[in-house]
Each structure stands twice: as C-alpha cells, then as structure tokens.
Amino acid sequence: MVEWTEQERSIITSIFGNLDYNDVGPKALSRCLIVYPWTQRYFASFGNLYNAEAIKTNPNIAAHGTKATYAELSVLHSEKLHVDPDNFKLLADCLTIVIAAKMGSAFSPEVQATFQKFLAVVVSALGRQYH
Amino acid sequence: MTSLSAKDKEAVKTFWAKACLKAEEVGADALGRMLVVYPQTKTYFSHWKDLSPGSAPVKKHGQTVMGGVAAAVSKIDNLTAGLLSLSELHAFTLRVDPANFKILSHNILVVLAIMFPDDFTPEVHVAMDKFLAALALALSEKYR
C-alpha cells in the first residue's frame, strides 16, 4: 500500500485545487499525441489528428474524459480500448511537463517528486486490471 | 528510435539559441531535481558533501553536464563521432548505467518547460526529446 505524508497530501490537493482541468487536460493529451505520435492509434475515430494544429483544435480531444472509479477505468482501458499500459507513462510525463510550464518555479523539486509519485500510483492503478 | 530529421535539427538549434543563455541554470536545476525525484541516482555522487538542489557541487556539475549538451547541439549532424570521448568517459571511467540518461533527459525537459513555457511548444518538445535520446544513444556507444 502506498503511504502519503501530510506534506505530500497537501501538495497534491493544492496542485489539483488550482488546476483548470479544461485547459490542462486537452493540452496534456494533445502534447502526448504530438510528442509520442504512435499514441494516436487509440484515437482513430476522433477525426483529424494529422498535425499539431489539428490535434489542438479537435473537439473530440477537448471533450475526452469521464468520471469513474480506477477499477472501472482500468477495465475500460484494457478490455474496451486495448491501450498498451506503457502509454499511461507517456501521458503522465506529458502531464508533468504541462503542469511544470503552468506552475513555473513553484514546481520545485519536492513538488515534482510528489506529483510524479502520485502519477505513478495512478498509472499503476490503471494497469491493475489487465490480464 | 529514429534519427533526427532536418526539421528536428532546425527546431533544436532555434530553441537552443535562446535556451543556451541559461544553460548553466538549466543544468543545475535539472541535476538537482533528478537527485530529489529519483533518489537512486544519488549513488553516483556519494563523494559529494551536499546533494541538495542549489548546493555548490550540484551547481558546478550541472554546468559541466549542460556544457556537454551544448557541445552536442553543435555536433548534431554526427553525434556518435562528436561524443566519442564523452562516451568513453561514461563507459570506462564513470560507468553510469545508461538507463539514467533517460532520467536526466526527462528532468532537463521539465526545467526547459518551466523556464521557457511559451517557447517549449509540443513541436519543440518532441524535437528536444528526440535530440536528447540521440545524445544518450551516442553516449552509450562505447559501453559494449
């Protein structure tokens, strides 16, 4: 079981409390599709993803995202979407870079460590239901 | 992975023309972050008194490393040949596990995103990511 210190909890809560999901979400996803183009294979039905501009303005990309438990999300990604779990790490790295750009120097080494620890747990939870 | 296209090299050189002015700061920050976020990398620096971000040895070494990256930009057309002696250094003397090159590269990208949020577009990001990967590959050349 992962253990969290009070300080780590407060850092994570603060980051997500100040996050504009509608801005960061599409930015992180479109960055992932550009930096790691093979991830586009999972979004073939989303329409035009042939260049950075198209990705950034694609309405399906902006609307991507649902609310569910991690077990449900893991099953969804494995059984229905067939996403290679390695890709979760790629998206996590892009998210880190987008948050870093947003927070600037407030994204200190300690904050980065806590954020990456959190993302690693999310990535692990998403991969748990694969078999 | 793939080799660098003309477009990649152009993107790297253009971005680096701006970023190189803060090269020492980038190196120091990236190295400091790496030691905090990936504590296993501290094993290579057990001879330092102070491994905290902003400490003297971290700053100095960050500058050294970034100097290597800067040199690599100028040798971008043939990284393997250009980084031969550095590869020998890392392979035979330092014996850094090449897996760590990826870790440091990630932290360099994070710092570039922090310091140049408007210039570090997804297009520049992918070019720099590819460049650092090619650099790491050239550094691994002499390992075995």
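First the proteins, then the strands, lettered A, B, ... as listed; each starts at 1.
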In terms of hydrophobic clustering (I, L, V, M, F, W, Y; side-chain heavy atoms under 4.5 Å; direct or indirect links), are Val123(A) and Val75(A) co-clustered? no
Looking only at heavy atoms, which two atoms of Ile114(B) and Phe107(A) are closest? And how far apart? CD1-O, 3.8 Å
Applying a criterion of heavy atom separation less than 4.5 Å, what residues of residues 112-122 of chain A form contacts with chain B? Gln112(A), Ala113(A), Gln116(A)
Need one label for Phe116(B): side chain, backbone, both or neither, based on atoms under 4.5 Å from any heavy atom in chain A. neither
OG1 on Thr96(A) to CG on Leu109(B), rounded to 0.5 Å: 11.0 Å
For Val35(A), run the side chain to side chain contact (heavy atoms under 4.5 Å, CB included) check against His125(B), Met128(B), Glu123(B) and tell me which one passes. His125(B)
Under a single-linkage definition using a 4.5 Å side-chain heavy-atom cutoff for Ile, Leu, Val, Met, Phe, Trp and Tyr, are Tyr44(B) and Phe92(B) assigned to the same hydrophobic cluster? no
Please say whether more than 12 non-hydrogen atoms of neighbouring residues, nucleotides or ligands are located less than 6.0 Å from NZ in Lys59(B). no
Heavy-atom pair with the smallest gap, counting every atom of Val37(B) and Pro109(A): CG2-O, 3.6 Å
In one Ile/Leu/Val/Met/Phe/Trp/Tyr side-chain cluster, 4.5 Å: Phe15(B), Leu21(B): no
Please walk me through it: do Tyr36(A) and Asp129(B) pass side chain to side chain contact (heavy atoms under 4.5 Å, CB included)? CA-CA 10 Å; Tyr36(A) 310 107; Asp129(B) 192 19; 3.7 Å; yes
Do you reckon Leu89(B) sits in the same ILVMFWY cluster as Leu84(B), going by side-chain contacts under 4.5 Å, direct or chained? no
Mind checking ring-ring contact (aromatic ring centres under 6.0 Å, His included) for Trp4(A) and listing every partner two or more places apart, or none if nothing turns up? none
